[in-house]
Chemist: 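To start, I am sharing the structure in question, which I have written as structure tokens.
The chains referred to below are lettered A, B, ... by the order of the sequence lines, with proteins before strands, and numbering in each begins at 1. Here the structure is a predicted model, which means the values were calculated and not measured.
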2 protein chains.
Amino acid sequence: MKNITLKEIAETLGISITTVSKALKNYPDVSPRTRQAVMNLAHQLQYTPNSFAVNLRTQESKTIGLIIPEVVHHFFSSVINGIIAEAEKNGYLVIILQSNESLELEKKQVALLLSKRVDGILMSLSNESNDDEHIREIIHKGIPFVQFDKISKLIHSSKVIINDQLAAMQAVQHLIDNGCKKIAHIRGPVNPQNAIDRFLGYKKALEKNTIPFDSSLVYTCQRVSFEEGYAFAEQIKKEHPDVDGVFVITDLVAVGVLAYFNENQIRVPDDVAVIGFSNWFMSQVITPKLSTVDQPSDEMGTRAFQLLLEQMIARRDQKPFQAQTIELKTAVVQRESTRKKS
Amino acid sequence: MKNITLKEIAETLGISITTVSKALKNYPDVSPRTRQAVMNLAHQLQYTPNSFAVNLRTQESKTIGLIIPEVVHHFFSSVINGIIAEAEKNGYLVIILQSNESLELEKKQVALLLSKRVDGILMSLSNESNDDEHIREIIHKGIPFVQFDKISKLIHSSKVIINDQLAAMQAVQHLIDNGCKKIAHIRGPVNPQNAIDRFLGYKKALEKNTIPFDSSLVYTCQRVSFEEGYAFAEQIKKEHPDVDGVFVITDLVAVGVLAYFNENQIRVPDDVAVIGFSNWFMSQVITPKLSTVDQPSDEMGTRAFQLLLEQMIARRDQKPFQAQTIELKTAVVQRESTRKKS
DNA sequence: GAAAACACCGAAAACGTTTTCGATTTGATA
DNA sequence: TATCAAATCGAAAACGTTTTCGGTGTTTTC
């Protein structure tokens with residue numbers, strides 16, 4: 001039951017701890033004979049180094065922290081997938097924390113990870129985040145750090161993002177190209193950068209097509225939920241019966257919109273076209289199939305980790321490191337909810 | 001940038017490291033004066049204990065490992081949610097590993113967690129798991145361990161499960177109660193206990209209703225995917241045009257079944273009733289809304305962690321510990337895909 | 001045959017904490 | 001005043017590893 005240590009190997013072999021350690025780590029200054037003996041015994045005894053001791057000695061834990069707003073979320077779970085796969089491939093483990101979109105929790109969790117002395121931190125901001133203190137703390141402490149998806153533009157760090165503004169423009173343009181004249185937008189909360197950018201993209205697309213912007217056509221989610229989509233769909237139809245296109249902040253909400261339309265004999269896309277964002281799995285199985293903007297979630301995870309790894313290596317080797325921003329490609333994917341109008 | 005230590009506090013205050021440590025940990029044998037001084041300085045300097053050192057000294061890391069087959073999966077992501085919430089509440093962090101349904105990876109990951117010396121391990125088996133060695137290793141080493149969802153009955157450990165056999169029986173009974181006479185079953189892979197139990201439940205329900213069991217009505221998934229559901233639906237309709245009910249291993253596959261039926265003018269539930277399992281979010285938004293068996297995924301996570309915590313505490317206090325099995329309640333939830341036939 | 005090079009090994013410090021146990025001081029008691 | 005108890009502190013060991021540096025002994029070189 002007791003875990004075996006270098007000391008025990010050393011004692012049974014009648015040599016020093018130092019030599020055992022060196023034999024195991026392929027140091028050149030140990031004879032083939034002793035190395036073999038050590039290796040054999042270590043293997044036979046199933047020796048595994050005590051990682052607590054290794055951590056203390058080397059001052060690194062080969063563990064990174066990940067803070068995301070939500071785990072039960074198709075997009076984020078895909079990102080997690082990418083991160084832990086890439087991390088494991090490179091010998092790192094991932095501790096996952098969930099901010100539940102709460103700034104307060106997010107701050108606690110940053111402190112927690114810092115006190116745990118993870119080798120790096122990966123983070124997507126909560127919707128409440130309008131305050132940077134805790135993030136600056138990470139950077140100030142010199143902990144490798146990269147933001148992805150929901151980022152703060154004010155923080156100088158590596159980032160993996162998409163061009164939300166452009167993607168949103170393309171989505172709205174797609175609506176227009178399919179004959180929509182009056183387009184509503186169900187946007188995300190006020191703080192997150194991507195909600196802001198998508199809103200800006202919406203505005204720009206209208207502008208480009210000389211469609212006047214009407215702020216009463218913009219509906220703002222608080223919780224970004226299915227229920228909100230459902231409720232806003234109803235509200236839109238009440239307040240603007242002639243709306244013929246809706247651009248929705250994310251697929252989950254868009255599915256709520258579709259649910260209301262379906263239940264109330266409002267034909268999609270004939271009466272109203274709907275386009276979502278993120279390309280959740282769900283979108284391809286509902287009726288009508290939801291058009292959306294595809295966003296490479298898995299890749300976002302792997303790239304984010306790679307960036308973090310670069311920075312962790314630079315730190316270990318005391319080399320300078322330049323923060324980088326990677327912008328991933330998005331693509332409008334057309335499905336049934338935006339078929340062209342005759 | 002440098003992290004501050006007990007030693008530095010001790011030196012600037014002109015007292016010993018011991019006293020500083022004791023002051024911070026509320027030992028009784030330090031005077032109010034010095035305690036206050038230490039507290040103040042520690043706070044001012046933002047001292048946080050070096051967890052590497054604490055780990056080494058206390059031989060625990062306040063970190064647990066979690067191995068699941070898949071992260072991008074509604075059920076599992078819900079369980080993760082429950083686990084990390086409950087863990088954090090109790091001061092534990094969670095390292096998540098994904099076996100990708102591969103036994104080989106699963107074994108590596110167990111070894112990894114063992115070498116990282118996590119305080120406990122939570123695990124749901126991969127579909128490939130038909131071999132116990134690595135699990136027995138965990139138990140043999142005395143590491144607290146609890147299985148959930150996809151478990152091995154042969155391993156003696158705490159477990160959090162549902163009564164798959166009963167739940168499946170109820171699902172099939174529900175189909176029968178709604179007028180189905182010839183019921184197909186799309187089952188999960190051969191190894192997992194829950195696939196076996198659900199199949200057994202299917203058989204028992206037929207038996208109870210004196211419907212003859214026909215093995216050609218049973219279709220076996222390999223990957224438990226949407227696509228398989230789609231393909232099996234086609235196959236079922238070809239081989240058994242008179243099938244009027246399908247019980248499917250899980251909602252994702254059932255959604256594939258619905259997709260095929262929808263596209264081929266096979267009316268659900270009028271021609272064929274369909275019931276899934278697990279109550280994924282998706283099920284309530286597709287057309288027709290999918291009947292299913294609700295399974296408390298979040299709670300499964302919290303209960304699993306609680307069981308693990310009990311065992312970790314018992315181990316720390318050198319108290320004996322009895323493995324427990326918690327059986328969570330399931331419930332058939334009726335939606336549109338199984339409306340009663342006239 | 002002396003000097004230099006080489007091969008092999010181990011002592012010891014260091015990482016930063018926790019905890020035991022003994023030492024010292026102070027105040028109270030007989 | 002001598003004794004005892006209580007209050008306060010610190011030395012030191014321990015957790016298990018990594019790595020530097022110096023010390024042997026052996027072999028090569030001129």
Side-chain angles (χ1 to χ4, degrees), chain A residues 1-39 41-42 45-63 114-119 141 316-318, chain B residues 1-39 41-42 45-63 114-119 141 316-318:
Chain A
M1 216 67 39
K2 225 188 117 292
N3 279 307
I4 82 128
T5 67
L6 290 184
K7 191 174 171 190
E8 303 178 50
I9 296 184
E11 276 168 4
T12 61
L13 249 38
I15 57 180
S16 78
I17 294 176
T18 307
T19 306
V20 176
S21 175
K22 287 200 276 200
L24 257 13
K25 305 200 79 198
N26 281 325
Y27 273 59
D29 62 341
V30 32
S31 73
R33 265 181 54 90
T34 39
R35 159 162 303 125
Q36 227 3 277
V38 170
M39 293 283 214
L41 188 58
L45 264 40
Q46 301 208 56
Y47 168 78
T48 53
N50 182 319
S51 66
F52 297 157
V54 177
N55 290 349
L56 177 61
R57 176 62 225 229
T58 61
Q59 300 284 31
E60 56 174 24
S61 56
K62 293 284 186 179
T63 303
L114 253 22
S115 83
K116 270 277 167 179
R117 280 173 166 70
V118 290
D119 296 347
K141 284 211 170 187
R316 179 166 48 85
D317 299 348
Q318 315 238 43
Chain B
M1 218 66 41
K2 224 189 114 297
N3 279 307
I4 82 129
T5 66
L6 289 183
K7 190 175 173 190
E8 302 178 51
I9 297 184
E11 275 168 5
T12 61
L13 250 36
I15 56 180
S16 78
I17 295 177
T18 306
T19 307
V20 176
S21 174
K22 288 200 277 200
L24 257 12
K25 305 201 77 198
N26 281 324
Y27 272 60
D29 63 342
V30 31
S31 74
R33 265 180 56 89
T34 39
R35 159 163 302 126
Q36 225 6 272
V38 170
M39 294 284 215
L41 189 59
L45 263 39
Q46 301 206 56
Y47 168 78
T48 53
N50 182 318
S51 65
F52 297 158
V54 176
N55 289 349
L56 178 59
R57 176 61 225 229
T58 63
Q59 300 283 31
E60 58 173 22
S61 56
K62 292 280 185 183
T63 303
L114 252 22
S115 84
K116 271 277 168 179
R117 281 171 165 70
V118 291
D119 296 348
K141 283 210 172 191
R316 180 168 46 85
D317 299 349
Q318 316 237 46

Chemist: Please report, rounded to the nearest Å, how far the P atom of D:dG16 is from the CG atom of A:Asn50.
Modeler: 6 Å
Chemist: Nearest-Å distance, CG (B:Asn55) to P (C:dC15)?
Modeler: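 Nearest whole value for this atom pair: 18 Å.
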Chemist: Should we say atom CD of A:Gln46 is surrounded by more than 12 heavy atoms from elsewhere, each under 6.0 Å from it?
Modeler: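 For A:Gln46, atom CD is not crowded (no more than 12 foreign heavy atoms under 6.0 Å).
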Chemist: Would you say B:Ser16 places a side-chain N or O within less than 4.0 Å of OP1 or OP2 belonging to D:dC9?
Modeler: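 For B:Ser16, the contact criterion (side-chain N or O under 4.0 Å from OP1 or OP2 of D:dC9) is not met.
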Chemist: The side chain of B:Lys22 lies closest to which of these nucleotides: D:dG16, C:dT17, D:dG10?
Modeler: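 Nearest listed nucleotide: D:dG10.
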Chemist: Just so I know, are the side chains of B:Leu41 and B:Thr12 near enough to count as touching, which here means a heavy-atom distance under 4.5 Å?
Modeler: yes
Chemist: I need the CG-C1' distance between B:Leu6 and D:dA11, as an integer number of Å.
Modeler: 16 Å
Chemist: Output the rounded distance in Å from CG (B:Asn3) to P (C:dT17).
Modeler: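 Going from CG in B:Asn3 over to P in C:dT17 covers 9 Å.
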Chemist: Quick one: do A:Val20 and A:Arg35 satisfy side chain to side chain contact (heavy atoms under 4.5 Å, CB included)? Show the steps, please.
Modeler: CA-CA 8 Å; A:Val20 176; A:Arg35 159 162 303 125; over 6 Å; no
Chemist: My understanding is that only residues two or more places apart in sequence, or in another chain, count here; which of them pass side-chain contact (heavy atoms from CB on, under 4.5 Å) with A:Ala37?
Modeler: A:Leu13
Chemist: For A:Ile17 and D:dT17, what is the distance between atoms CD1 and P respectively, to the nearest whole Å?
Modeler: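 Taking atom P of D:dT17 as the reference, CD1 of A:Ile17 is at 8 Å.
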Chemist: Do A:Thr18 and C:dA12 have a side chain to base donor-acceptor pair shorter than 3.5 Å?
Modeler: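 It does, because a donor-acceptor pair links the side chain of A:Thr18 to the base of C:dA12 below 3.5 Å.
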Chemist: I need the NZ-P distance between B:Lys7 and D:dG10, as an integer number of Å.
Modeler: 16 Å
Chemist: Output the rounded distance in Å from CD (A:Glu11) to P (C:dG10).
Modeler: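 These atoms are roughly 13 Å apart.
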Chemist: Could you tell me how far apart A:Glu8 (CD) and D:dC15 (C1') are, to the nearest whole angstrom?
Modeler: 13 Å
Chemist: Using a heavy-atom cut-off of 4.0 Å across all strands, would you classify A:Thr5 as base, sugar-phosphate, or nothing?
Modeler: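 Sugar-phosphate, backbone atoms only, no base.
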Chemist: Show every salt bridge (charged side-chain N to carboxylate O under 4.0 Å, His left out) that has at least one partner inside residues 20-30 of chain B, sequence neighbours left out.
Modeler: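 Listed by first then second residue: B:Lys22-B:Asp29.
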Chemist: Using a 3.5 Å distance criterion without hydrogens, assess whether the side chain of B:Thr58 forms a donor-acceptor pair with backbone atoms of B:Val54.
Modeler: yes
Chemist: Please determine, by modelled atom types, if A:Thr34 and A:Ser31 share a side-chain donor-acceptor pair under 3.5 angstrom.
Modeler: yes
Chemist: Is there a side-chain polar atom (N or O) of B:Tyr47 under 4.0 Å from OP1 or OP2 of C:dG16?
Modeler: no
Chemist: Going by heavy atoms closer than 4.0 Å, what residues in residues 24-35 of chain A are next to DNA chain D?
Modeler: A:Lys25, A:Tyr27
Chemist: OP1, OP2 of D:dA14 versus side-chain N and O of B:Gln59: anything below 4.0 Å?
Modeler: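 False: B:Gln59 side-chain N/O out of range (4.0 Å or more) of D:dA14 OP1/OP2.
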Chemist: When the nearest nucleotide of DNA chain D is assigned to B:Ile15 and to B:Thr58 on a heavy-atom basis, which residue is associated with the more 5' position?
Modeler: B:Ile15
